[in-house]
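Structure first, then comments.
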Amino acid sequence: MNLPLIIRAEEHNEKTAILVPFARRLPQQRGCANATTDGAFTYRDLLHTSSQIATGLLKNAEDLQEQRVAFLIPPGFEYVATQWGIWRAGGIAVPLCISHPRPELEYVITNSRASIIIAHPNFEGILRSLAQAHNLRFILTSETLPSNIVPLPEVDITRRALILYTSGTTGKPKGVVTTHQNIQAQVTSLITAWEWTSDDSPAKTLRDRILHILPLHHIHGIINVLTCALWAGAECQMLSKFDAETVWNRICDGNLTLFMAVPTIYVKLIAAWEAASKERQKSMSEGCAKMRLMVSGSAALPVQVLEKWQSISGHFLLERYGMTEIGMALSNPLHSERLSGYVGKPLPEVEVRLVDENGELVPAGTPGEIQVKGPGVFIEYWQNPQATAKAFQDGWFRTGDTAVVENGNYRILGRMSVDIIKTGGYKVSALEIEEVLRSHPDIQECAVVGVADLEWGERVCAALVLQGSQPLTLEAFRSWAKERLAVYKVPTQILIVEELPRNAMGKVTKPTVVELFC
Ligand code: AMP
């Protein structure tokens with residue numbers, strides 16, 4: 001069997017798959033005759049260039065046999081062609097993160113035991129020296145590609161395809177391994193639930209067009225946006241990096257149908273909208289109104305952000321919950337009513353259950369750990385059988401996240417390790433407290449954490465980013481909070497910070513927040 005995604009590409013041959021509005025053209029010496037001046041690439045281009053890349057990777061071998069190929073390439077056609085080239089040669093793709101410093105890149109390269117590194121010339125400095133230090137084959141994307149394509153291996157769908165590194169809350173990141181089959185399941189579940197369309201779909205609906213602005217070393221950008229678009233026969237317009245004005249310009253152009261982002265991106269887009277002239281605001285809002293779906297995920301969406309975005313765009317954001325290990329698991333509905341603060345119900349082909357500390361199912365209304373089963377669930381942590389074994393209970397993946405089901409909908413309470421704070425015998429959710437604190441007129445952003453304490457077990461502490469120059473005393477803050485939260489949930493210590501520590505996905509890194517209080 002060949003790779004499912006690539007088989008579908010053959011169906012869509014002549015269609016534009018990737019549009020790279022602001023990217024440079026591919027260098028001539030890469031021999032990609034189909035690269036056009038406006039940076040539009042068809043599935044035919046992808047099939048051709050990826051088979052050249054696969055040929056180059058194989059050298060004289062018949063199959064890479066799951067060798068790991070680490071690559072660092074800015075968003076655009078070259079990134080996708082390289083990912084497909086690795087897959088078509090029978091390798092495992094290990095995307096690296098553009099914003100990572102050398103030690104983190106080195107960790108991923110050595111932990112995955114990559115044998116080949118592919119780098120865009122922008123990253124040659126760091127990556128060539130890493131390849132030399134570890135005696136690995138090094139390929140620059142600007143090198144000439146072979147013109148004679150060799151027969152490519154038949155890659156079974158059950159083979160490993162991708163290793164993504166998760167930013168663990170404790171210890172070093174782990175490599176999450178998914179097969180082609182897992183990826184297919186993750187993608188088809190979203191295609192069904194969110195009704196991705198192509199103009200050759202039976203319903204003859206409008207072809208979807210999505211703007212890609214997310215990092216390409218993370219599941220959200222790789223699976224939910226890029227791979228779903230390619231699977232569906234949609235058009236994926238890739239920006240080389242996130243920039244609020246550029247994103248708004250593309251939205252104002254008015255031909256996008258879908259948009260997916262993390263909450264921090266919506267916050268930045270809201271700030272840019274607020275700073276714009278009345279006339280521009282109108283055109284920004286009109287651009288949003290033309291889309292059929294806007295999605296948020298990867299971190300909790302503050303209700304204030306959801307409401308503000310609704311007033312700007314007319315869209316009630318569809319919030320979903322997922323994880324590198326499982327793909328997407330829970331989603332608000334596409335058509336019926338979405339509830340703010342909730343992530344909806346299980347997606348197609350995904351089974352979800354909530355269990356207590358003893359692994360017993362909890363009744364509706366009682367918080368429990370989210371466990372997930374289904375064909376999209378990863379197969380293992382790379383070369384870490386102990387961590388893999390610990391992550392499963394009777395075939396269910398233990399997400400480490402806590403949720404509660406209310407009126408049939410899931411509400412995420414946070415990660416058990418950092419967001420569920422055990423204080424004075426109570427268990428409280430940091431996410432719930434944050435939601436309340438953000439309604440304080442002087443608080444712009446906040447992160448609530450539990451800090452070890454002899455008397456309370458953990459103390460509830462809050463790092464706050466203030467808006468305006470008004471000082472905020474602990475006393476005034478606590479008396480405001482006590483009117484809105486049970487007293488044991490009210491932070492006993494606050495710290496005013498300029499900004500919250502965040503990772504490359506824009507998620508607050510809670511362990512770093514805890515350190516601020518130690
Ligand atoms: P990652 O593997 O980087 O995508 O991170 C997955 C984690 O992000 C999950 O385990 C959750 O803790 C968190 N997460 C994802 N989506 C949501 C959401 N809608 N609300 C709250 N937390 C979320």
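Start at 1 and go down the list; that is how both ligands and their atoms are numbered. These numbers come from the heavy atoms of this one structure, side chains and all, not from hydrogens, waters or symmetry mates.
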What orientation do Phe477 and His440 show, parallel under 30°, tilted 30 to 60°, or perpendicular over 60°? tilted
Suppose we screen for salt bridge (charged side-chain N to carboxylate O under 4.0 Å, His left out). Which residues come up paired with Lys427, at least two apart in sequence or across chains? Glu357
For ligand 1, list all ligand N or O to protein N or O distances below 3.5 Å, rounded to 0.1 Å.
from     : atom 1 : to     : atom 2 : distance (Å)
ligand 1 : 2 (O)  : Thr324 : N      : 2.9
ligand 1 : 2 (O)  : Thr324 : OG1    : 2.6
ligand 1 : 3 (O)  : His218 : NE2    : 2.8
ligand 1 : 3 (O)  : Lys507 : NZ     : 3.2
ligand 1 : 4 (O)  : His218 : NE2    : 3.2
ligand 1 : 5 (O)  : Lys507 : NZ     : 2.6
ligand 1 : 8 (O)  : Ser298 : O      : 3.3
ligand 1 : 8 (O)  : Lys507 : NZ     : 2.9
ligand 1 : 10 (O) : Asp401 : OD1    : 3.4
ligand 1 : 10 (O) : Asp401 : OD2    : 2.5
ligand 1 : 10 (O) : Arg415 : NH1    : 2.9
ligand 1 : 12 (O) : Asp401 : OD1    : 2.7
ligand 1 : 12 (O) : Asp401 : OD2    : 3.4
ligand 1 : 16 (N) : Ser298 : N      : 3.3
ligand 1 : 19 (N) : Glu319 : OE2    : 2.9
ligand 1 : 19 (N) : Arg320 : O      : 2.8

Give the C-alpha distance, both sets of side-chain angles, the deciding distance and a yes or no for ring pair (Phe, Tyr, Trp, His ring centres under 6.0 Å) between His315 and Trp309. CA-CA 7 Å; His315 283 269; Trp309 189 257; 8.2 Å; no
ring-ring contact (aromatic ring centres under 6.0 Å, His included) pairs, two or more places apart, involving residues 367-387: Phe378-Tyr381, Phe378-Phe392, Phe378-Phe397
ring-ring contact (aromatic ring centres under 6.0 Å, His included) against Tyr321, all qualifying residues, sequence neighbours excluded: none
Is there side-chain contact between Trp84 and Leu3, with heavy atoms separated by less than 4.5 Å? no
